[in-house]
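Computation of the quantities below employed the complete heavy-atom set of this structure, encompassing side-chain atoms and omitting hydrogens, waters and symmetry-equivalent molecules.
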Amino acid sequence: MNNRQIAVLGAGGHTGKFVVTQLAEGGFVPVAATRDGAGESRRIDFGDPKSVDRAIAGCEAVINCAGPFFETAGPAIEAALRARIPYLDVCAEQETVRRAFHHYDEPARALGVSILPAVAFFGGLADLLVTAASKGLGPIETVEIAVGLDGWRPTRGTRLTGQQNIFPRVIVRDGILSPVPNPPPSREWTYSHLFGTQCVTCVPLSEIILLNWHIGARSITTYMNEKPLSDLKDASTPPPEAVDSTGRSAQRFVVEAEVRGSSGKASISVQGQDIYAVSAPLVVAALEKMLKREKLRGGVFAPGEVFDADAFLAQLSPRFLESIHHDTE
């Protein structure tokens, strides 16, 4: 992977900086693009297709970290299609990821360009976990995912997305995307790591769109515990604060899934540190796997659809993902 140039859109943001570091560690040459063109970065205006083309010129792939993604994903994907290079992003927004599949799958297939949205903590990680847990279970009937955080210090990008996102959240019922009921589903969840038994509330993000695209379960629901939601609602909650030399915050997370199929059920769980920081090794690992292939498939894909989920997760353990447990009944 030495000296292969990779465009990083939104490289000056919180997650973008982690991605730049991860790329450099892997031997890539990150080409930074930011809205203000600060430092040595290329200036990018997502409202100007020529500006986006210039930002990715000479690069072999694009990683989009510039949120809110409902403003940036479409222009960035279209530029990647024009350049005929792979596109990945770290989007948690459901509607943006849904549009990527429905608007760009056909042109991406025609051009032979691979597009992987939502390869991040929200979205891709749960997609990989559920894909791994689903093996050998036959047709999948129900998927329940529980995200547990000991707190949530949101970035500026997270705040902006929350303020501007007007699209209703969806879950899967009877095999189709359906609006989250009001009030949203809630239940008690006993986490196998860190958090014990807690009340959790339905908070679906981009993993729902990924899983509905390729798993095809009759029911898919994602929950989150109450502490991070309280932090997110509190306007005074500060942004993340680095506690180590890598820039990670002290935040701890766990993601668990229970999957039921026609021939059995399985559970899987993983834990780690800092939901923003862990998105970088996830998306860079996906990029590495894409570029190592002699011939890339064209289309829009979920990570669990095109990669060996078990091998992908194992590659990131234990440095980035800790205590992966998978049990089948």
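- Remark: the Asp274 side chain and the Ser249 side chain contain an N/O donor-acceptor pair separated by less than 3.5 Å.
- With respect to Glu241 and Arg153, a salt bridge is recorded, a charged nitrogen being found less than 4.0 Å from a carboxylate O.
- When all heavy atoms of Asp89 and Ala73 are compared, the closest pair comes out as OD2-CB, 4.4 Å.
- Salt bridge Arg218/Asp174: present, at least one basic N to carboxylate O contact under 4.0 Å.
- A salt bridge does not link Glu60 to Arg84: none of the charged side-chain nitrogens sits closer than 4.0 Å to a carboxylate oxygen.
- Contact detail for Ile6 and Cys59: the closest heavy-atom pair is C-SG, 4.1 Å.
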Chi angles and distances behind the side-chain hydrogen bond (donor to acceptor under 3.5 Å, both in side chains) call for Gln198, Lys227: CA-CA 10 Å; Gln198 296 197 31; Lys227 177 62 167 64; over 6 Å; no
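- Side chain of Thr72 to backbone of Ala66: a donor-acceptor contact under 3.5 angstrom is found.
- Open room surrounds CD on Glu106; 12 or fewer heavy atoms of other groups in view lie less than 6.0 Å from it.
- Between Glu207 and Arg169 no salt bridge is recorded (no basic side-chain N to carboxylate O distance below 4.0 Å).
- For Phe122 and Trp152, the ring centers sit closer than 6.0 Å to each other.
- With Arg252 contributing its side chain and Gly148 its backbone, the two residues share no donor-acceptor pair below 3.5 Å.
- Arg98 has a carboxylate O that lies under 4.0 Å from a charged side-chain N of Glu95, or vice versa, which qualifies the two as a salt bridge.
- A donor-acceptor pair under 3.5 Å links the side-chain atoms of Gln94 to the main chain of Leu205, judged by distance alone.
- Looking only at distances, no side-chain donor or acceptor of Thr96 sits under 3.5 Å from a matching main-chain atom of Glu93.
- For the pair Ser206 (side chain) and Cys91 (backbone), a donor-acceptor distance under 3.5 Å is present.
- Applying the salt bridge (charged side-chain N to carboxylate O under 4.0 Å, His left out) test to every pair with at least one member in residues 132-148, sequence neighbours left out, gives these pairs: Lys135-Asp308, Lys135-Asp310, Glu144-Arg187.
- A donor-acceptor pair shorter than 3.5 Å can be found between the side chains of Ser192 and Glu256.
- In this pair, Trp213 and His102 present their aromatic rings perpendicular. The plane angle is above 60°, beyond the 30 to 60° band.
- Ring geometry for Phe70 against Phe167 counts as perpendicular: the plane angle is over 60°, on a 0 to 90° scale with 30° as the lower cut.
- Remark: Tyr104 engages no residue in a ring-ring contact (aromatic ring centres under 6.0 Å, His included) (not counting sequence neighbours).
- At distances below 3.5 Å, not a single donor-acceptor pair connects side-chain atoms of Thr237 with backbone N or O atoms of Lys233.
- Looking only at distances, a side-chain donor or acceptor of Asp127 sits under 3.5 Å from a matching main-chain atom of Gly304.
- Checked against a 6.0 Å centroid threshold, the rings of Phe18 and Tyr276 do not count as neighbours.
- Considering every non-hydrogen atom in both Ile171 and Cys202, the closest pair reads CG2-SG, 3.7 Å.
- The pair Asp36-Arg43 does not meet the salt-bridge criterion, since no charged nitrogen lies less than 4.0 angstrom from a carboxylate oxygen.
- In this structure, a donor-acceptor pair under 3.5 Å is present between the side chains of Arg173 and Ser219.
- With contacts defined as side-chain heavy-atom distances shorter than 4.5 Å, the pair Leu9/Val62 qualifies.
- Counting only distance, with no hydrogens or angles, the side chain of Ser41 and the backbone of Ala32 share no donor-acceptor pair below 3.5 Å.
- To the nearest 0.5 Å, the span separating CD1 on Ile268 from CD on Glu258 amounts to 12.0 Å.
- Contact annotation: the side chain of Thr161 never approaches that of Glu71 to less than 4.5 Å [non-hydrogen atoms, C-beta and beyond].
- For Ser134 and Thr131, the side-chain atoms include no donor-acceptor pair closer than 3.5 Å.
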